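In what follows, a single structure is set out as structure tokens and then discussed.
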Amino acid sequence: MYDLDHPLKFGIVRLCKEGEFMKLLVTGGAGFIGSNFVHLARKERPDWQITVIDKLNYAGNKASLKEVWEEIEFIEGDICNQELIDGLVSKNDLVVHFAAESHNDNSLNDPWPFVESNLIGTYRILEAVRKHGKKLHHISTDEVYGDLELDDPVKFTEHTRYNPSSPYSSTKAGSDMLVLAWVRSFGIHATISNCSNNYGPRQHVEKMIPRQITNILSGEKLKLYGKGENVRDWIHVDDHNSAVITIIEKGKSGEVYLIGADGEKNNIEVFNMILNMMGKDETWLEHVKDRPGHDLRYAIDNTKLINELGWRPKYTDFAAGLQATIDWYTNNEDWWKPLKAETEAKYKKIGQ
Ligand code: NAD
Ligand code: DAU
């Protein structure tokens, strides 16, 4: 029996069987993308039962789940704890694995937490998935492919050679390899997605866009690394997560899907948009030390996801999405203010 006309589906045709994927374990669900995933899933798939596991590191924030708090189960814990993970995986149908140390600058300062959470943590999840015969969707990044030249028309595809640059991206690359090996050697059911740079609400103030917005809101200058020529392929976090829902429902085990929304922009362009939208001039821009090994350009070819699974991004107007993000930070000082001083103190130590 296929559940094509359930009244709670908001008109979205679903191809999974009644009852399938009902119980989701979302790792890292108190972080930026994970919490937005929980919000989107509650809205679009209200019959999914969601358990979040998050160790609440500096980027994990229970306040990011406050609107859905009564509708989910929340476990504060570490994915590296095999016993805990084993028990949680056994009670769920599918693991959506967002948990990771996620910031390149931190990985250059202290790589160990990245090796621990991103590699050992993923290994623990894979072992539990294998033992209990459950499904996994592994969230990864386009940074596993390294970078592209600024003037090269080429984009990353699912066939691009892995060539990570930073401790962060190398641990994500390693975690992808573990997943593929567990599919091939042990026959687990798993899919992987590699997405480009996300923006939107509830992103930690260490990341580029929220850092600049909250700097202006705090009366501080914007901090641009190097010359600002580096290109990132921006995607709204809800587009990333709608693609994840599509892959969960329609993706094939063992397959890798790139997620991107044709949002290439260089950093200086994005900084100028933030300045304009927030009514500031160029005197608010400060050039700071460049990131060591700074990747030049990321760009995603999303053909496979569009052609094979029929996904389409909704938030393709970057200026509108950026304005909405500025509005969110302007209206949610309680969320970001407690994080700001500590984050800037960390940056100050490394001259950024
Ligand atoms: P984030 O740092 O905002 O959130 C990560 C969350 O994982 C935090 O809540 C943290 O407490 C939790 N966590 C970390 N280690 C853990 C552990 N050992 N046990 C339990 N919880 C743990 O990161 P994000 O930007 O939301 O990224 C989420 C995922 O998406 C990551 O896997 C990242 O590699 C991937 N990704 C991010 C982007 C992006 O632009 N931010 C793009 C593509 C892919
Ligand atoms: O491509 C996906 C990746 O995008 C994810 O895997 C990572 O988890 C996520 O953090 C992001 O990585 P980046 O390193 O690209 O993002 P970040 O926001 O740190 O930086 C974006 C660009 O902006 C990069 O070229 C560095 C630059 N930058 C960053 C900061 C924090 C600045 O110029 N100034 C800043 O203050």
Side-chain angles (χ1 to χ4, degrees), residues 26-37 52-62 64-65 75-81 84-85 96-108 113-114 116-118 120-122 124-125 138-145 147 156 164-166 168-169 171-172 175-176 193-200 202-212 215 222-235 237 240-241 244 259-260 265-268 270-271 285-291 294-300 343-344 347 352:
V26 178
T27 74
F32 165 47
I33 307 175
S35 63
N36 280 290
F37 175 82
V52 167
I53 173 173
D54 197 298
K55 82 169 187 189
L56 299 178
N57 73 0
Y58 73 95
N61 192 343
K62 284 202 246 181
S64 297
L65 293 167
I75 311 287
E76 182 175 344
D78 194 323
I79 55 166
C80 298
N81 178 338
L84 176 66
I85 280 298
V96 191
H97 177 33
F98 292 94
E101 290 291 333
S102 67
H103 194 43
N104 278 298
D105 293 321
N106 293 342
S107 81
L108 295 162
F114 291 75
E116 190 175 39
S117 289
N118 302 0
I120 299 173
T122 302
R124 300 280 187 225
I125 286 165
H138 176 63
I139 305 289
S140 193
T141 169
D142 59 355
E143 294 193 14
V144 299
Y145 301 115
D147 60 355
F156 297 136
S165 315
S166 73
Y168 162 67
S169 51
T171 57
K172 291 298 291 186
S175 68
D176 293 6
S193 55
N194 298 79
C195 187
S196 57
N197 285 63
N198 286 218
Y199 73 99
R202 307 181 189 92
Q203 185 170 30
H204 193 275
V205 293
E206 70 191 351
K207 302 294 196 302
M208 177 186 129
I209 288 179
R211 185 181 185 203
Q212 315 315 324
N215 272 7
L222 280 66
K223 311 285 184 190
L224 182 65
Y225 294 178
K227 289 194 207 143
E229 288 171 329
N230 310 64
V231 172
R232 295 296 182 264
D233 190 351
W234 294 99
I235 180 170
V237 65
H240 180 179
N241 283 326
V244 170
I259 305 175
K265 300 231 169 319
N266 70 28
N267 293 344
I268 193 80
V270 179
F271 275 61
L285 192 64
E286 185 181 337
H287 289 264
V288 294
K289 208 178 87 185
D290 207 354
R291 174 184 284 171
H294 197 170
D295 278 340
L296 281 176
R297 171 175 162 250
Y298 307 139
I300 292 272
T343 304
E344 288 306 314
Y347 275 126
Q352 287 175 328

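FYI, the numbering just counts along the sequence from 1. Atoms within a ligand are numbered from 1 in the order they appear, just like the ligands themselves. These figures come from a predicted structure and were not determined experimentally.
- Residue-level proximity to ligand 2 for Asn197 is carried by backbone and side chain together, each with a heavy atom below 4.0 angstrom.
- On a distance-only criterion, Gln212 and ligand 2 share at least one N/O pair closer than 3.5 Å.
- With a 6.0 Å cutoff to the six-membered ring centre and a 45° limit on the axis angle, Arg232 does not count as a cation-pi contact of Tyr199.
- Under a 3.5 Å cut-off, the side chain of Asn61 and the backbone N or O of Gly31 do not form any donor-acceptor pair.
- Residue Tyr168 approaches ligand 2 through these ligand atoms, each under 4.0 Å from one of its heavy atoms: 5 (C), 6 (O), 7 (C), 8 (O).
- For the pair Ile79 and ligand 1, the shortest N or O to N or O distance falls below 3.5 Å.
- Here NZ of Lys172 is found 7.5 Å from OG1 of Thr141. Values are rounded to the nearest 0.5 Å.
- For ligand 2, the polar-atom distance check against Asn267 finds a nitrogen or oxygen pair separated by under 3.5 Å.
- Proximity to Phe32 (heavy-atom distance under 4.0 Å) selects the following atoms of ligand 1: 3 (O), 4 (O), 25 (O), 26 (O).
- Atom 33 (O) of ligand 2 has as its closest protein heavy atom Tyr225 N, 2.9 Å.
- Protein heavy atom closest to atom 15 (N) of ligand 1, with residue, atom name and distance, is Ser117 OG, 3.3 Å.
- Taking a cut-off of under 4.0 Å to the non-hydrogen atoms of Ala30, the atoms of ligand 1 that pass are 9 (O).
- For ligand 1, the atoms lying closer than 4.0 Å to a non-hydrogen atom of Ala100 are 5 (C), 7 (O), 14 (C), 31 (C), 32 (O).
- At the shortest separation from atom 14 (O) of ligand 2 among protein heavy atoms lies Arg291 NH1, 2.6 Å.
- Every atom of ligand 2 is numbered from 1 in the order shown, and the set under 4.0 Å from a heavy atom of Leu224 is 33 (O).
- The shortest contact between atom 38 (C) of ligand 1 and any protein heavy atom is with Ile33 CD1, 3.5 Å.
- The ligand atoms of ligand 1 that sit less than 4.0 angstrom from a heavy atom of Leu56 are 11 (O).
- Residue-to-ligand polar distances keep His97 apart from ligand 1: every N/O pair is separated by 3.5 Å or more.
- Distances below 4.0 Å separate heavy atoms of Asn104 from the following atoms of ligand 2: 12 (O), 13 (P), 14 (O).
- The shortest contact between atom 26 (C) of ligand 2 and any protein heavy atom is with His294 NE2, 3.4 Å.
- Taking 4.0 Å as the cut-off between side-chain N and carboxylate O, Glu344 and Arg211 count as a salt-bridged pair.
- When atom types are taken as modelled, the side chain of Asp233 and the backbone of Ile300 share a donor-acceptor pair closer than 3.5 angstrom.
- Distance from atom 3 (C) of ligand 2 to its nearest protein heavy atom, with residue and atom name: Glu143 OE2, 3.0 Å.
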Could you give me the CA-CA distance, side-chain angles and deciding distance for His138 and Thr122, then say whether side chain to side chain donor-acceptor pair (under 3.5 Å) is met?
CA-CA 9 Å; His138 176 63; Thr122 302; 4.7 Å; no
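- Close approach to Gly60 involves these atoms of ligand 1, each under 4.0 Å from a residue heavy atom: 8 (C), 9 (O), 11 (O).
- Close approach of ligand 1 to Gly77 (heavy-atom distance below 4.0 Å) involves ligand atoms 19 (N), 20 (C).
- The nearest heavy-atom contact from the protein to atom 10 (C) of ligand 1 is Asn57 OD1, 3.2 Å.
- Looking at Lys55 next to ligand 1, an N or O pair under 3.5 Å apart turns up.
- Backbone and side-chain nitrogen or oxygen atoms of Tyr347 are examined, and none is located within less than 3.5 angstrom of a nitrogen or oxygen of ligand 2.
- Closest to atom 34 (O) of ligand 1 among all protein heavy atoms lies Tyr168 OH, 2.6 Å.
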Assess the residue pair Tyr145 and Asp295 against the criterion (side chain to side chain donor-acceptor pair (under 3.5 Å)); give the C-alpha distance rounded to whole Å, side-chain angles, the decisive distance to 0.1 Å, and a yes or no.
CA-CA 10 Å; Tyr145 301 115; Asp295 278 340; over 6 Å; no
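- The protein atom (non-hydrogen) at minimum distance from atom 21 (C) of ligand 2 is Met208 CB, 3.7 Å.
- Close approach to Glu206 involves these atoms of ligand 2, each under 4.0 Å from a residue heavy atom: 31 (C).
- Side chain of Thr27 to main chain of Phe98: a donor-acceptor pair is present (N/O by atom type, distance under 3.5 Å, no hydrogens or angles).
- Looking at Ser196, Ser140, Ser175 and measuring to atom 42 (C) of ligand 1, the nearest heavy atom belongs to Ser196.
- Here Glu116 has no heavy atoms under 4.0 Å from ligand 1, in either its backbone or its side chain.
- For the pair Pro113 and ligand 1, no heavy-atom separation below 4.0 Å is found.
- Outside the 6.0 Å centre-distance limit, the rings of His240 and Phe37 are not counted as a close aromatic pair.
- Closest to atom 10 (O) of ligand 2, if we only count protein heavy atoms, is Lys207 CE, 3.0 Å.
- The shortest contact between atom 23 (O) of ligand 1 and any protein heavy atom is with Ser102 OG, 3.2 Å.
- If you number the atoms of ligand 2 from 1 as listed, the ones under 4.0 Å from a heavy atom of Asn230 come out as 25 (O).
- Taking atom 4 (O) of ligand 1 as the reference point, the nearest protein heavy-atom neighbour is Gly31 CA, 3.4 Å.
- Neither the backbone nor the side chain of Lys172 comes within 4.0 Å of ligand 2, counting heavy atoms alone.
- Residue contacts with ligand 2 for Gln352 are absent, since no atom lies close enough (heavy atoms, distance under 4.0 Å).
- In this structure, atom 34 (N) of ligand 2 lies nearest to the protein heavy atom Lys223 O, 2.7 Å.
- Those atoms of ligand 2 with a heavy atom of Asp142 less than 4.0 angstrom away are 1 (O), 2 (C).
- Set against the non-hydrogen atoms of His103, the atoms of ligand 2 under 4.0 Å away are 19 (O).
- Side-chain contact between Lys223 and Tyr347 is absent, with no heavy-atom pair separated by less than 4.5 Å.
- Here is the list of ligand 1 atoms found below 4.0 Å of a heavy atom in Ala59: 2 (O).
- Set against the non-hydrogen atoms of Thr141, the atoms of ligand 2 under 4.0 Å away are 1 (O), 2 (C), 3 (C), 5 (C), 6 (O).
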Does Glu101 form a side chain to side chain donor-acceptor pair (under 3.5 Å) with Asn57? I'd like the steps, not just the answer.
CA-CA 9 Å; Glu101 290 291 333; Asn57 73 0; 3.1 Å; yes
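- Judged by distance alone, with hydrogens and angles left aside, the side-chain atoms of Glu143 form no donor-acceptor pair with the main-chain N or O of Ser165 at under 3.5 Å.
- For a threshold of 3.5 Å applied to N or O pairs, the pair formed by Trp234 and ligand 2 contains no separation below that value.
- Closest to atom 36 (O) of ligand 2 among all protein heavy atoms lies Arg211 NH1, 2.8 Å.
- Rounding to the nearest 0.5 Å places NZ of Lys265 at 11.0 Å from CH2 of Trp234.
- Neither the backbone nor the side chain of Asn194 has a heavy atom within less than 4.0 Å of ligand 1.
- Among all protein heavy atoms, the one lying closest to atom 8 (C) of ligand 1 is Asp54 OD2, 3.6 Å.
- Close contacts between ligand 1 and Asn197 involve ligand atoms 40 (O) [criterion: under 4.0 Å to a heavy atom].
- Ranking the protein heavy atoms by distance from atom 29 (C) of ligand 1 puts Phe98 O, 3.1 Å first.
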